[in-house]
Amino acid sequence: MSAASEPLAPLPRAFFLRPTIEVAQDLLGRYLVLARKDEAPRIGRLVETEAYLGETDLASHAARGKTRRNAPMYEEPGHAYVYFVYGMHWCLNIVTEEAGTPCAVLLRAAEPVAGLTQAADGPGKLCRAFGLDGEWNRADLTSGELRTTYGAPVAPDEVLATARVGVAYAGSWAQEPLRFFVASSNCVSRSRTASPSGTLWERPAAGAKRRGRVRACP
DNA sequence: AGCGGGATTAGC
DNA sequence: CTAATCCCGCTT
């Protein structure tokens, strides 16, 4: 969007103050950057995201209203919502739309660009690769050590959509094509439920084995 | 207080 | 297929 075309220029708050689906798609190809003092910057190119669309979205943490856990989703766009799942994994979201509208984009996978020593091909693995935990909850991603930057945005025809992962409990919302990923990337998560259902996806031939990714993430 | 489950991952 | 592992939300 803006005139800022420097790959490492931070995405401004206005970027996140837009419809969540738009933000989720537009984040693909952007860089997630962690630049801390006394440490080489960690940079990943976002290749997989999911949109969560407020209290009516039964797959969203906001589906049952505001709680202490999901409160950041109700706050200012451009901030982090970091939560803990399954007793061992952290997941990073970026809050979107106006304060009071509990929408967010889950960052699910990134390709290594610099400073990463572990794969980031999954939401838990992304946080692990960047060393992110609950301390980053509510962090402002438009300034500070953790940010998203202009990066190298991808063309819309390189983006595929499928149902979101791990939300089978969400009724009809489980089928919505709200997971987006870069078609050509090797670093997309290897989710068990990655069976493509999005309209943009070309279904593999019957019987063809597919476990989410074809080759190993570099 | 206690209980059930989860926007996941790795290993058998 | 399943264990790991714990915070949170909801129920007693």
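These figures come from a predicted structure and were not determined experimentally. To find a chain, count down the sequence lines: A is the first, B the second, and so on, and within it residues start at 1.
In this structure, L58(A) atom CG and dG5(B) atom P are separated by 18 Å, rounded to whole Å. Protein atom CZ of R108(A) is 5 Å distant from nucleotide atom P of dT8(B), rounded to whole Å. Protein atom CZ of R68(A) is 7 Å distant from nucleotide atom P of dG9(C), rounded to whole Å. Between N137(A) atom CG and dC8(C) atom C1' the separation is 13 Å, expressed in whole Å. In this structure, the NE2 atom of H61(A) is 12 Å from the C1' atom of dT8(B), given to the nearest Å. Spacing between atom CZ of R69(A) and atom C1' of dG9(C) amounts to 9 Å, rounded to whole angstrom units. To the nearest angstrom, P of dT9(B) lies 9 Å from CZ of R128(A). To the nearest angstrom, C1' of dG11(B) lies 12 Å from NE2 of H89(A).
Base-pair partner of dT5(C): not found among the strands shown (Watson-Crick or G-U wobble, both distances under 3.5 Å). Base-pair partner of dA7(B): not found among the strands shown (Watson-Crick or G-U wobble, both distances under 3.5 Å).
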Apply the test side-chain contact (heavy atoms from CB on, under 4.5 Å) to residues F16(A) and T142(A): give CA-CA distance (whole Å), side-chain angles for both, the deciding distance (0.1 Å), then the verdict.
-> CA-CA 10 Å; F16(A) 301 100; T142(A) 66; 4.2 Å; yes
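Y31(A) and F130(A) are members of different hydrophobic clusters when ILVMFWY side chains are connected at heavy-atom separations under 4.5 Å.
Applying the 4.0 Å criterion to OP1 and OP2 of dA7(B), one finds that Y169(A) has a side-chain N or O inside that range.
With hydrogens and angles left out, the side chain of Y86(A) and the base of dA4(C) share no donor-acceptor pair within 3.5 Å.
Looking at R30(A) and T148(A), their side chains never bring a donor and an acceptor atom within 3.5 Å of each other.
Between E48(A) and R179(A), at least one side-chain N (NZ, or NE/NH1/NH2) sits under 4.0 Å from a carboxylate O, which counts as a salt bridge.
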